[in-house]
Amino acid sequence: MSPRVPVELAPEEIAAVRSWVIHEDEHVLAFNKPSGLSSQGGRIQAHTLDDLLWAFMRSNGKRPELVHRLDRDTSGVIIAARTKPAAGFLGKAMQARRFKKTYQALIASAPEPRAGTIEAPLLRQEVGRESYMRVVAPDTPGAQAALSRYRTLASSEDGALVELDPATGRMHQLRVHMASIGRPLVGDVRYGGALTFAGRGASRLMLHASKLVFPHPSGGYVTVEAPLPEDFVALKAAAGL
């Protein structure tokens with residue numbers, strides 16, 4: 001649940017969250033979330049995107065509510081509902097898998113084949129205070145069905161740029177699925193990704209939610225696209241992709 005009491009935000013935090021807005025209408029706000037920012041409830045004692053939504057508080061004391069999450073280290077499109085009816089509509093649409101999410105990621109070398117589907121059940125495990133997912137047999141107790149699609153957009157001797165489409169929305173799904181075919185995402189320490197790419201350091205997970213297509217509360221579908229972050233663009237260019 002969101003805190004009932006508004007969170008006090010510094011002027012620079014308000015300016016930052018407003019600068020991330022990439023779509024805005026009376027029902028929906030969409031942001032290009034930076035890597036390193038928790039969507040909600042992060043363990044790091046810093047404001048989450050959920051907290052920063054108080055920057056959009058209305059005169060009646062209500063504020064937008066996040067509809068879904070992105071991993072802290074994943075950048076890109078994330079949306080919030082501006083009203084309670086919009087939140088209800090979008091929540092149901094997401095449960096009915098009417099959201100189409102597209103990601104881009106960097107990997108050390110192109111997958112073989114260059115495009116395909118990964119259907120592998122996942123099981124959540126707690127290790128200390130951290131949560132992990134791992135691929136398991138379908139009959140494993142607690143296993144969650146998971147399906148991802150991938151295709152190679154560009155490749156070179158230094159690496160590859162892939163487009164990823166999670167048909168299901170399990171935690172860390174794309175990261176674990178790509179690691180399961182021997183292509184962990186660059187910068188993904190948790191699942192075996194390299195910390196260098198094209199001779200440069202990769203200081204974070206190179207996974208970006210580039211596009212989201214979703215049904216709009218007022219009818220039809222809306223497509224929101226988030227440009228790649230500068231560090232992602234720089235690594236991509238270094239590999240000639």
Chi angles and distances behind the salt bridge (charged side-chain N to carboxylate O under 4.0 Å, His left out) call for Arg82, Glu65 = CA-CA 7 Å; Arg82 298 190 91 146; Glu65 298 286 339; over 6 Å; no

message: Is there a side chain to side chain contact (heavy atoms under 4.5 Å, CB included) between Met178 and Ile118? Walk through the geometry before answering.
response: CA-CA 8 Å; Met178 291 305 290; Ile118 305 167; 4.0 Å; yes

Under the side chain to side chain contact (heavy atoms under 4.5 Å, CB included) rule, what do Leu52 and Trp20 come out as? Steps first, then yes or no, please. CA-CA 11 Å; Leu52 296 176; Trp20 303 332; 3.7 Å; yes

*Might you work through the side chain to side chain donor-acceptor pair (under 3.5 Å) test for Glu225 and Ser210, ending with a clear yes or no?*
CA-CA 6 Å; Glu225 297 193 58; Ser210 55; over 6 Å; no

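Remark: the backbone N or O of Gly199 is not paired with any side-chain donor or acceptor of Thr196 at under 3.5 angstrom. For the pair Gln173 (side chain) and Leu147 (backbone), a donor-acceptor distance under 3.5 Å is present. Side-chain N or O atoms of His177 include one that pairs as donor or acceptor with a backbone N or O of Ala120 at under 3.5 Å. Thr152 places a side-chain N or O within 3.5 Å of a backbone atom of Arg114 that can act as its donor or acceptor partner.
Looking at Ser131 and Gln125, their side chains never come closer than 4.5 Å, going by heavy atoms from C-beta outward. In this structure, Thr117 and Ser148 have side chains that are not in contact, with every pair of non-hydrogen atoms separated by 4.5 Å or more.
The ring of Tyr103 has its center no closer than 6.0 angstrom to the ring center of His208.
With rounding to the nearest 0.5 angstrom, the CG atom of Leu185 is 6.5 Å from the CG atom of Leu164. To the nearest 0.5 angstrom, Leu207 atom CG is 7.0 Å from Ser75 atom OG. Note: Ser109 OG to Asp158 CG = 11.0 Å, rounded to the nearest 0.5 Å. A distance of 6.5 Å separates OG of Ser39 from CG of Leu66, quoted to the nearest 0.5 Å.
In terms of heavy-atom proximity, Pro227 sits nearest to Asn32 at O-ND2, 3.2 Å. Residues Met206 and Asp231 approach most closely at CE-OD2, 4.0 Å, considering heavy atoms. Closest approach of Leu123 to Ala143, counting heavy atoms only: CD1-N, 3.9 Å. Contact detail for Phe197 and Leu235: the closest heavy-atom pair is CE2-O, 3.5 Å. Residues Pro215 and Leu90 share a closest heavy-atom pair of O-CD2, 3.4 Å. Considering all non-hydrogen atoms of both residues, Ile79 and Ala30 come closest at CG2-CB, 3.7 Å.
Clustering ILVMFWY residues whenever any of their side-chain heavy atoms sit less than 4.5 angstrom apart, transitively, puts Met171 in a cluster other than the one holding Leu70. Cluster membership for Tyr191 and Val186, using ILVMFWY side-chain heavy atoms within less than 4.5 angstrom, is not shared.
No cation-pi contact links Arg18 to Phe31, judged by a cut-off of 6.0 Å to the six-membered ring centre and 45° from its axis. Remark: Arg190 is positioned above the aromatic ring of Tyr132, its terminal NZ or CZ atom under 6.0 angstrom from the ring centre and at most 45 degrees off the axis.
Checked against Glu163 for a side-chain hydrogen bond (donor to acceptor under 3.5 Å, both in side chains), the options Gln104, Arg151, Lys211 give a single hit: Arg151.
A salt bridge links Asp165 with Lys100: the closest approach of a Lys/Arg side-chain nitrogen to an acidic carboxylate oxygen falls below 4.0 angstrom. We find that Asp50 and Arg63 are joined by a salt bridge, their nearest charged nitrogen and carboxylate oxygen being less than 4.0 Å apart. Here Asp188 pairs with Arg175 in a salt bridge; the nearest charged N to carboxylate O distance falls below 4.0 Å.
Heavy atoms from other residues, nucleotides or ligands lying under 6.0 Å from CD of Glu8 number 12 at most.
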